[in-house]
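Some notes on the structure that comes next.
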There are 2 protein chains.
Amino acid sequence: MQLTKPQHGKASLPVIKRLPKYYRYLTALQHSGASKVSSSELARMMGTTASQVRQDFNCFGGFGQQGIGYNVEVLLHEISALLFGDGEKLPTILIGTGRLGTAVSSFLVRDVNGYRLVGAFDVKDEEVGRQLSGVTVRHIRDLEAFCQEHKPVMAVLCVPRESAREVASRLVALGIRGVWNFSHYDLSVPYPQITVENVHLGDSLMSLGYRLRNE
Amino acid sequence: MQLTKPQHGKASLPVIKRLPKYYRYLTALQHSGASKVSSSELARMMGTTASQVRQDFNCFGGFGQQGIGYNVEVLLHEISALLFGDGEKLPTILIGTGRLGTAVSSFLVRDVNGYRLVGAFDVKDEEVGRQLSGVTVRHIRDLEAFCQEHKPVMAVLCVPRESAREVASRLVALGIRGVWNFSHYDLSVPYPQITVENVHLGDSLMSLGYRLRNE
DNA sequence: CGCAATTTGTCAATCGTTTCACAGCTGCAT
DNA sequence: ATGCAGCTGTGAAACGATTGACAAATTGCG
């Protein structure tokens, strides 16, 4: 059981999905030297409504001050705390070190706070031993031994569709709690006990195609 | 000529986003040799409700037969038509041939129907001339000349945040109608006239972090 | 000091999506 | 041939999210 539970308001999934966007725009504001911002100003920048901005922030507690607006630094700090917790980075492993896995791992290491890449695995022998975003690629057969020692919490899954199911069940057995899933396989269906973020690039591209062709 | 008129029902964005998922599961069903499927069976596989499946399909016209179910082949054909049109592949260019761009382009070429990669561009001279998913990388300064000749319809944007805005405005000027956007920049805000599918990997990863830490 | 302008927090109304319920159709077993 | 079990299509209800509206708070300025 977790102690860190903001019971002030229950954040619905749509709200959670918007948090990173707030984070991005607030970071930009901070860089530009702004010290405060109003909900209407932020809404205009982000292409949403002032009402939604206020409603969203209010899920987590009153960060703003009536008559004034929101203090950029305070707001950014609060949202960072929500997204990245107390600063403890989640130990993370990468499964599948192909092109996509490589690209995504450098992304995780360079561009996003909150995670620490501790290991990478692949089936191909020729990948083993190679350096990748600060870790050495190991063979997938060493997954169990490695995880029992390092206790990773999150896994990035960049394996072909056929392997996804088997790898996922091993990860669940090893106590992995979250998966960032790039395989063409809906992990959320068979494994409701872990938190899954599916990134289905194929789906994304196809739905864009639909919109392009039908309007 | 289209059998299914788009104005039969107006498909809302949530429905459109589910189409590729139907496509995936129906393809799997077809491979497994099934010739028909009921809404409840499909729903169970996909982790949704039978009601939603029927409602979704009904947006586009009655593909099913009362008392029987849906013919897998017919359904797959109809959904393919919606997603990929008459088979004409959309000419597409890639901007930014870094690791992510490379991974994504091989994806577009290999794994998804409906697109044809016709060109790739980068700012770095050392990228120019290299082969990538069947095309030769050109310098970004040749973008205008190339597009005027080849008239691409879609662009994949894999450039750093700082360049996104400038490149996007050039693409819009060149008549690009859709952008698959991987840059950390919300293209939909400044350019409402084009169809944009934002893939914000950072946002995706951050929201996963929130869910992992707060439950 | 008091008023006008601005802005948040929040409750209520609206809007859109999902789920429910059921009529009508089909194939099958008896 | 008839009843039964299972299915779709669809209008209506329920639900959830977004938007609107307004009271309370704050500042600046005359």
Side-chain angles (χ1 to χ4, degrees), chain A residues 6-19 21-22 25-26 29 34-79 188-189 207 210-211, chain B residues 3-5 7-19 21-22 25-26 29 34-76 78-79 188-189 207 210:
Chain A
Q7 48 273 80
H8 184 280
K10 61 289 143 216
S12 62
L13 200 58
V15 177
I16 294 170
K17 294 278 182 188
R18 280 194 292 269
L19 283 180
K21 191 167 169 179
Y22 288 123
Y25 278 84
L26 287 168
L29 270 172
S35 71
K36 66 185 177 65
V37 68
S38 70
S39 57
S40 53
E41 197 179 343
L42 198 50
R44 187 162 18 81
M45 281 192 286
M46 294 178 56
T48 178
T49 66
S51 221
Q52 179 161 87
V53 171
R54 292 202 296 278
Q55 192 91 314
D56 283 356
F57 291 167
N58 205 47
C59 286
F60 306 101
F63 298 155
Q65 202 178 354
Q66 289 185 344
I68 311 288
Y70 297 88
N71 179 304
V72 173
E73 195 155 351
V74 169
L75 195 50
L76 194 51
H77 182 265
E78 294 290 345
I79 290 183
S188 25
V189 179
S207 73
Y210 176 88
R211 285 185 286 156
Chain B
L3 184 75
T4 52
K5 304 156 189 75
Q7 47 276 79
H8 180 280
K10 62 288 144 227
S12 61
L13 200 57
V15 177
I16 294 169
K17 294 278 180 188
R18 280 193 292 268
L19 283 180
K21 191 166 169 177
Y22 288 123
Y25 279 85
L26 287 168
L29 269 172
S35 72
K36 65 184 177 66
V37 66
S38 69
S39 58
S40 53
E41 197 179 343
L42 198 51
R44 189 164 15 82
M45 283 192 283
M46 296 179 53
T48 178
T49 66
S51 224
Q52 179 161 87
V53 172
R54 290 202 298 278
Q55 194 89 310
D56 283 355
F57 292 166
N58 205 47
C59 286
F60 305 102
F63 298 156
Q65 200 180 354
Q66 289 185 346
I68 312 286
Y70 297 88
N71 179 304
V72 173
E73 196 154 350
V74 169
L75 194 49
L76 194 51
E78 293 292 344
I79 290 183
S188 25
V189 179
S207 74
Y210 175 88

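Below, chain A is the first sequence line, B the second, and so on; all start at residue 1. Quick note: numbers below take in every heavy atom, side chains included, and nothing from hydrogens, waters or symmetry partners. Being a predicted model, the structure only gives us computed values, none of them experimental.
B:Phe63 and B:Phe57 have tilted rings, their planes meeting at an angle from 30° to 60° on a 0 to 90° scale.
Between B:Ser51 and B:Thr49, the side chains place no donor N or O within less than 3.5 Å of an acceptor N or O (distance only, hydrogens not considered).
Here CG of B:Asp56 is found 7.5 Å from OG1 of B:Thr48. Values are rounded to the nearest 0.5 Å. To the nearest 0.5 Å, atom OG of residue B:Ser12 and atom NZ of residue B:Lys17 are 12.0 Å apart.
As judged by a 4.0 angstrom heavy-atom cut-off over every strand, B:Tyr70 is placed among residues touching the sugar-phosphate backbone only.
Toward the 5′ end of DNA chain D lies the nearest nucleotide of B:Gly69, the other residue of the pair A:Pro14 and B:Gly69 mapping further downstream.
The distance between atom CG of A:Asn71 and atom C1' of C:dT7, rounded to the nearest whole Å, is 15 Å. Atom-to-atom, CD1 of B:Ile16 to C1' of C:dG16 comes out at 14 Å; the value is rounded to the nearest Å. Computed from coordinates, the A:Leu13 CG to D:dA17 C1' distance equals 12 Å when rounded to whole Å. The nearest whole Å value for the distance from the CG atom in B:Asp56 to the C1' atom in C:dT19 is 12 Å. With rounding to whole Å, B:Phe57 atom CZ is found 16 Å from C:dT18 atom C1'. Taking atom CZ of B:Phe63 as the reference point, atom C1' of C:dC25 lies 19 Å away to the nearest angstrom. In this structure, B:Asn58 places its CG atom 19 Å from P of C:dC22, rounding to the nearest Å.
Looking at A:Leu29 and A:Leu76, their side chains never come closer than 4.5 Å, going by heavy atoms from C-beta outward. Between A:Val189 and B:Tyr25 there is a side-chain heavy-atom pair separated by less than 4.5 Å.
Regarding contacts with the backbone of C:dT17, every side-chain N or O of B:Arg18 stays at 4.0 angstrom or more from both OP1 and OP2.
The side chain of A:Gln52 sits closest to D:dT19 out of D:dT19, C:dT7, D:dT10. Among D:dT8, C:dT7, D:dA17, the nucleotide with an atom closest to any side-chain atom of B:Ser39 is D:dT8.
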CA sep, side-chain torsions, deciding dist, call: A:Met46, A:Arg18, side-chain contact (heavy atoms from CB on, under 4.5 Å): CA-CA 11 Å; A:Met46 294 178 56; A:Arg18 280 194 292 269; over 6 Å; no
What string of B, S and - do you get for nucleotides 20-30 of chain D 5' to 3' if you count protein non-hydrogen atoms under 4.0 Å? BB--BBSS---
